[in-house]
Amino acid sequence: MDRCLYCNQSLEHGATLIELLINHDLLCPMCRHELIRNKKKFSINNIPVDACYIYNDFFSSLLVQYKECMDEALKSVFLFNHRLIFHVKYWGYTLVPMPSSKDKIKDRGFNHVLGMFEWCKNEKYCCLEKTSNQKQVTSTSIQRQKMIGNIRCTKDVKHIKKILLIDDVCTTGSTLKGALEALSSFEGKIKIFVIATHPLNLKKVVR
């Protein structure tokens with residue numbers, strides 16, 4: 001019997017009749033229902049941001065289990081139900097992941113953001129790099145502003161026509177602002193996609 005990759009319960013656990021008939025998920029319905037879908041947009045530097053979920057306690061625990069406990073099997077659960085619409089909406093875009101520190105990648109043994117998009121056939125281009133290992137979650141507002149200048153572009157992007165900046169979570173937006181600044185000379189189209197967003201960001205809704 002197939003089991004939920006997070007709670008290890010049967011994939012039928014808590015399922016409705018319809019879910020039993022059509023469910024092909026990697027999470028059981030009880031876990032999937034804990035992920036709160038986001039239906040709004042916000043913007044960073046006047047660029048609309050697409051976010052699948054609201055960042056809540058369950059998403060946080062799922063993300064920690066994946067990237068800090070190195071449970072790499074969870075990489076596919078985050079966007080499992082969004083793959084088709086993602087392919088249609090971002091066809092032809094080159095995915096540029098937000099950078100993790102080299103120490104973190106070495107400790108984990110994998111790039112957690114790229115892992116979450118491993119299923120996607122779009123070209124991936126790792127051209128951004130952090131210039132320091134400052135952690136955003138423990139930073140003051142002034143330090144977070146300094147993080148905007150903490151990212152640099154290390155590769156040529158002239159051959160790319162359309163960039164989609166991707167990240168796991170948008171909290172303050174400082175990392176994404178830093179990426180946009182690092183790519184300020186890029187002449188093509190840029191869009192932003194994050195898997196989850198902090199609820200406070202949704203007060204800045206793009207209509």
Side-chain angles (χ1 to χ4, degrees), residues 4-7 25-29 31-45 47-91 93-101 104-105 108 110-126 128 130 135-137 151 162-180 190-206:
C4 174
L5 289 182
Y6 182 66
C7 71
D25 207 340
L26 302 176
L27 295 176
C28 69
C31 286
R32 181 61 68 183
H33 293 165
E34 292 292 324
L35 291 171
I36 309 302
R37 291 215 179 196
N38 171 47
K39 298 180 180 180
K40 298 180 179 180
K41 286 187 178 181
F42 62 101
S43 65
I44 293 177
N45 292 3
I47 297 178
V49 181
D50 276 337
C52 293
Y53 301 109
I54 306 296
Y55 185 74
N56 60 6
D57 289 341
F58 181 81
F59 187 94
S60 176
S61 64
L62 188 64
L63 188 62
V64 168
Q65 180 69 21
Y66 166 55
K67 71 177 188 178
E68 304 301 342
C69 300
M70 280 76 85
D71 190 350
E72 200 172 351
L74 289 173
K75 65 186 178 184
S76 300
V77 306
F78 297 92
L79 292 171
F80 188 79
N81 295 335
H82 297 268
R83 294 174 297 175
L84 179 59
I85 191 169
F86 186 95
H87 275 305
V88 172
K89 191 168 186 177
Y90 298 112
W91 178 263
Y93 278 83
T94 296
L95 308 190
V96 174
M98 293 300 95
S100 294
S101 70
K104 276 292 186 183
I105 293 176
R108 292 178 185 136
F110 62 96
N111 183 311
H112 79 281
V113 175
L114 281 181
M116 297 163 103
F117 290 84
E118 189 175 78
W119 52 269
C120 183
K121 296 180 180 179
N122 293 51
E123 178 187 359
K124 286 95 171 175
Y125 196 60
C126 297
L128 299 176
K130 284 187 176 180
K135 293 183 179 180
Q136 182 169 298
V137 291
I151 296 176
K162 298 188 292 184
I163 284 177
L164 180 66
L165 298 178
I166 56 173
D167 205 358
D168 53 358
V169 178
C170 178
T171 49
T172 65
S174 297
T175 302
L176 286 161
K177 289 177 183 177
L180 291 171
I190 297 181
K191 289 189 175 183
I192 299 173
F193 180 92
V194 296
I195 297 177
T197 179
H198 193 285
L200 290 177
N201 289 322
L202 301 177
K203 293 184 178 181
K204 302 167 280 188
V205 176
V206 177

Sequence neighbours excluded - salt bridge (charged side-chain N to carboxylate O under 4.0 Å, His left out) pairs with any residue from residues 163-172: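 Listed once each, the pairs are K67-D168.
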Where is the tightest heavy-atom contact between [X] and [Y], given as atom of each residue plus distance?
X	Y	value
S100	I105	CB-CG1, 3.9 Å
C7	C28	SG-SG, 3.6 Å
L128	P97	CD1-O, 4.2 Å
C52	L79	SG-CD2, 3.6 Å
T175	M98	CG2-SD, 3.8 Å

Can you check whether [X] reaches [Y] side chain to side chain, under 4.5 Å on heavy atoms?
X	Y	answer
E68	K104	yes
N111	K124	no
N81	R32	yes
H198	V169	no

So, taking the atom named [atom1] in [X] and the one named [atom2] in [Y], what distance separates them when rounded to the nearest 0.5 Å?
X	Y	atom1	atom2	answer
C120	L164	SG	CG	8.5 Å
K41	T197	NZ	OG1	13.5 Å
L27	C4	CG	SG	4.5 Å
L200	F42	CG	CZ	11.0 Å
L63	M116	CG	CE	5.5 Å
L62	Q65	CG	CD	8.0 Å

Pick one: which of N201, L180, V194, L165 meets side-chain contact (heavy atoms from CB on, under 4.5 Å) with I44?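 So, applying the side-chain contact (heavy atoms from CB on, under 4.5 Å) to I44 and each of N201, L180, V194, L165, only L180 qualifies.
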Would a distance-only check, ignoring hydrogens and angles, find a side-chain to backbone donor-acceptor pair under 3.5 Å from N122 to L95?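 Absent.
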Side-chain donor or acceptor of Y66 paired with backbone N/O of H112 under 3.5 Å: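 Yes.
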Name the one of K39, K40, K191, K89 that satisfies salt bridge (Lys or Arg N to Asp or Glu O under 4.0 Å) with D50?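 When K39, K40, K191, K89 are each tested with D50, the salt bridge (Lys or Arg N to Asp or Glu O under 4.0 Å) holds only for K89.
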Please identify which of these residues, F59, Y6, F58, Y53, meets the ring-ring contact (aromatic ring centres under 6.0 Å, His included) condition with F78.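 Among F59, Y6, F58, Y53, the one meeting ring-ring contact (aromatic ring centres under 6.0 Å, His included) with F78 is F59.
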If you draw a 6.0 Å radius around CD1 in I85, do more than 12 non-hydrogen atoms from other residues or ligands fall strictly inside?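 Counting other residues, nucleotides and ligands, CD1 of I85 stays at 12 neighbours or fewer.
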Residues which pass ring-ring contact (aromatic ring centres under 6.0 Å, His included) with F86, listed by chain and number, not counting sequence neighbours: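 Counting only residues at least two positions away or on another chain, F86 forms a ring-ring contact (aromatic ring centres under 6.0 Å, His included) with Y90, F117, W119, F193.
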